[in-house]
Amino acid sequence: MNESTQNVRIFDTPEVQQFLRVIAGMDNTEGSDRAKAILHRILSDLFKTIDDFDITPDEYWRAIAVLNALGAGTQFGLLSPGLGFDHYLDMRMDAADEAAQRAGGTPRTIEGPLYVAGAPEVHGVGRMDDDPDPDGETMWLTGQVRDIQGAPLAGAQVEVWHANSKGGYSFFDPTQSDYNLRRTIITDAEGRYAVRSTIPSGYGVPPGCATDQVLKALGRHGERPAHIHYFVSAAGYQHLTTQINLAGDPYTYDDFAYATREELVVDGRRIEDVAEIGQRGLDGPFTEVVFDVELTAVDDPSLQTRHARPRAKESNEAASQQAGSAKV
Ligand code: MBD
Ligand code: FE
């Protein structure tokens, strides 16, 4: 590799500095000032990186090929949590909440790339295991939604989605039916929800995919612990995006997406008592997972809904682009 390096430093020259201003459109009056300022910063940082690390043309074009592979596989939403961006945005929202004295309530953690809008609604109690999963352990997932004073919130919306016993998510995994293991649950008069499902397995990025290649270059793995995603909302309260991690998974504290938070690690309770099994209308042992949620009251309507992003089956243009490709 050494013969092909150039050992030159040109970043701080007037030619390069002027070139960066032109590339970022700073010599014209069209476009967006914010886009120009941000692109100018990012391009400057990358040009400087090329100079400082004496990045060769071979290395540069290999990176472009990796970016093309990420795009072709719609994998930027998968690499993003792997490189910590999703968690970093959470840290910034946590800091903003603290600065505005909105602290309290159940902690947020990342949404991830595998949400699908429009899951069937259930009121209070229901099932979310549409497809048989003979290797899966039956799960009862229950809890209560409250405000931070402990008052139950009736009619709150609890959206839940998780993987099957193979770590696959419906919509992205063609072997599953459309909304398997995805539901929108409306809490009952006591703010409670209860759904019968299957204990999920952890998720691993597809072996050999572009995201996997990037992680391997960093000496990292692409595994997530068993987890269950939540969106929880109620009028007058801050929208909550969060997840629970099931305790005891080898990756509970080694999540490639950095979503684990101590308050969100939940122990399942295995129930083998015949009477209790009968009460739930089951014919064998099952695991109960309890997750109560506390929401913070807010006036600002923009804090009461999830932020905009391209999502599968969400009715906006960007989302339908994503929905066209389910490769993650
Ligand atoms: C997942 O299931 C997930 O939640 C994240 C954050 C990344 C990849 C797969
Ligand atoms: Fe997930």
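Read the numbers this way: they start at 1 and go in the same order the structure lists the ligands and their atoms.
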Side chain, backbone, both or neither: which part of [X] comes within less than 4.0 Å of ligand 1 when only heavy atoms are counted?
{"X": "Val205", "result": "neither"}
{"X": "Ala163", "result": "neither"}
{"X": "His229", "result": "side chain"}
{"X": "Asp86", "result": "neither"}

Is a donor from one side chain sitting under 3.5 angstrom from an acceptor on the other, for [X] and [Y]?
{"X": "Thr211", "Y": "Gln75", "result": "yes"}
{"X": "Arg306", "Y": "Tyr115", "result": "yes"}
{"X": "Asp173", "Y": "Thr175", "result": "yes"}
{"X": "Asp254", "Y": "His221", "result": "yes"}
{"X": "Gln157", "Y": "Tyr193", "result": "no"}

Which ligand 1 atoms does [X] reach within 4.0 Å, using its non-hydrogen atoms?
{"X": "Tyr169", "value": "2 (O)"}
{"X": "Ile110", "value": "6 (C)"}
{"X": "Gly112", "value": "6 (C)"}
{"X": "Leu114", "value": "1 (C), 2 (O), 9 (C)"}

Out of Asp249, Asn245, Thr252, which one pairs with Thr260 under the side chain to side chain donor-acceptor pair (under 3.5 Å) rule?
Asn245
Could Asp212 and Lys216 be called an ion pair, given the rule that one side-chain N must be under 4.0 Å from one carboxylate O?
yes
Taking ILVMFWY side chains as joined if any heavy atoms are under 4.5 angstrom apart, and letting links pass through other members, which residues group with Ile148?
none
When the ring centroid of Phe231 is compared with that of Trp161, is the distance short of 6.0 Å?
yes
Only one of Arg196, Arg280, Arg270 passes salt bridge (charged side-chain N to carboxylate O under 4.0 Å, His left out) with Glu288, and that residue is Arg280
Within a 6.0 Å radius of atom CZ on Arg220, are there more than 12 heavy atoms belonging to other residues, nucleotides or ligands?
yes
Ligand 1 and Tyr203, any nitrogen or oxygen pair closer than 3.5 angstrom?
no
Does ligand 1 have an atom under 4.0 Å from some heavy atom of His227?
yes
Within the structure, is a non-hydrogen atom of Ala259 found at a distance of less than 4.0 Å from ligand 1?
no
Shell of protein N/O/S atoms around the Fe ion (ligand 2), taken as anything under 2.8 Å
Tyr169 OH, His227 NE2, His229 NE2
